[in-house]
2 protein chains.
Amino acid sequence: MRAEALKGHLDGLLLATLEDGPQHGYAVKEALCDATGGKLDLPTGTVYPALHRLERAGLIKGSWSVVGGRRRRTYELTEQGRRSLAGARDHWQEFAAVISAALGGGPWPATN
Amino acid sequence: MRAEALKGHLDGLLLATLEDGPQHGYAVKEALCDATGGKLDLPTGTVYPALHRLERAGLIKGSWSVVGGRRRRTYELTEQGRRSLAGARDHWQEFAAVISAALGGGPWPATN
DNA sequence: TCGCTACATGTAGCGTTACTACGTATTGGA
DNA sequence: TCCAATACGTAGTAACGCTACATGTAGCGA
């Protein structure tokens, strides 16, 4: 699955991945891949810039560490990031309902 | 609702609007607005270029006419457009399921 | 020891696409 | 007469995920 259609939704996915505890960038990518059964295998050139963007926006907070000789940048949600994640979920619900309604052709539960 | 998050999904919506019969551009925009309870009120600067794009791609076919002194460009689905619409619906179902799974936090019926 | 793979991070430049802002023109109502 | 709605269009901008590349370590097999 191409992530091109993700435009505007990727941030929420990354935040959701960090919800259960701090992760470093590579682990976030892997977790996202696992959570979707390998259907969302994002290139690192997508993940890292997105994480930088989230950090600049104050939604996540990163810190360097070294594990097994490899440097890692571990990210965790900020309070603002947690609120943003809740907003992203609401937004997604509405977005999905709207698109499903307009796209039609399939029985999608538009009720919410 | 901003259409920014639409990236990659708008084409399918436009095709779906034309599925029940030919429409001119402005009517497509209005129909999309109605179908979503006013939540998807696209600017004309989004709709017209998108229709041109779809026509160039051979998914819709346009023809000029004059109604009530106003010129209209009426579009209808091509056979290729019909197939593309079916593909867009499939793609949306999978996309929505994947995002819902990864975003979590809400009971979304991933079964379909 | 050499080379490969996985891990781990990063940047530069590109392409797509929806957006804003504007321009043109007709009809019809205030 | 002015303005809103209808109806079409383009130019330029911005966002953002992508490709491609660069860097470096750890661990394994040949």
When all nucleic acid strands are considered with a 4.0 Å heavy-atom cut-off, which category describes B:G68: base, sugar-phosphate, or nothing?
-> sugar-phosphate
Distance, rounded to the nearest Å, where A:Y26 contributes OH and C:dC7 contributes P | 4 Å
Ignoring the backbone of A:K7, work out which of C:dT9, D:dA15, D:dG9 is nearest its side chain.
-> D:dA15
Under-4.0 Å salt bridge between A:R73 and A:E55 | yes
Is the phosphate of D:dG9, meaning OP1 or OP2, less than 4.0 Å from a side-chain N or O of B:Y48?
-> no
Using a 4.0 Å heavy-atom cut-off across all strands, classify B:G25 as base, sugar-phosphate, or nothing.
-> sugar-phosphate
Just checking, any donor-acceptor pair under 3.5 angstrom between side chains of A:W64 and A:T74?
-> no
If you round to the nearest 0.5 Å, how far is NE2 of A:H24 from CD of A:E30?
-> 8.5 Å
Ignoring hydrogens and angles, are the base of C:dC7 and the side chain of A:R70 linked by a donor-acceptor pair under 3.5 Å?
-> yes
Whole angstrom is fine here: how far is it from CZ in B:R73 over to C1' in C:dA25?
-> 18 Å
May I ask you to verify if any side-chain N or O of B:R72 is less than 4.0 angstrom from the OP1 or OP2 atom of D:dA7?
-> yes
When rounded to whole Å, the CG to C1' distance for the pair B:L42 and D:dG9 reads 17 Å
Spacing between B:Q23 atom CD and D:dC8 atom C1', to the nearest angstrom = 16 Å
Among the candidates D:dC18, D:dC16, C:dT9, find the nucleotide nearest to the side-chain atoms of A:T46.
-> D:dC18
In whole Å, what is the span from the NE2 atom of B:H24 to the C1' atom of C:dT26?
-> 13 Å
Here the distance between atom C1' of D:dG9 and atom CG of B:L51, to the nearest Å, is 12 Å
Does a side-chain N or O from B:H52 land closer than 4.0 Å to OP1 or OP2 of D:dT10, or not?
-> yes
So, B:E79 and B:K61, do they make that salt bridge, N to O below 4.0 Å?
-> no
Output the single nucleotide from C:dT9, C:dC19, D:dT19 whose closest atom is nearest the side chain of A:T44.
-> C:dT9
Nearest-nucleotide pick for B:P49, side chain only, options being D:dT10, D:dG9, D:dC18 | D:dT10
Pairwise distance CG(B:L77) to CG(B:L54) - rounded to 0.5 angstrom | 9.5 Å
Specify the separation, in whole Å, of atom CG of A:D41 and atom C1' of D:dC18.
-> 14 Å
Send over the distance from B:I99 CD1 to D:dG17 C1', rounded to a whole Å.
-> 13 Å
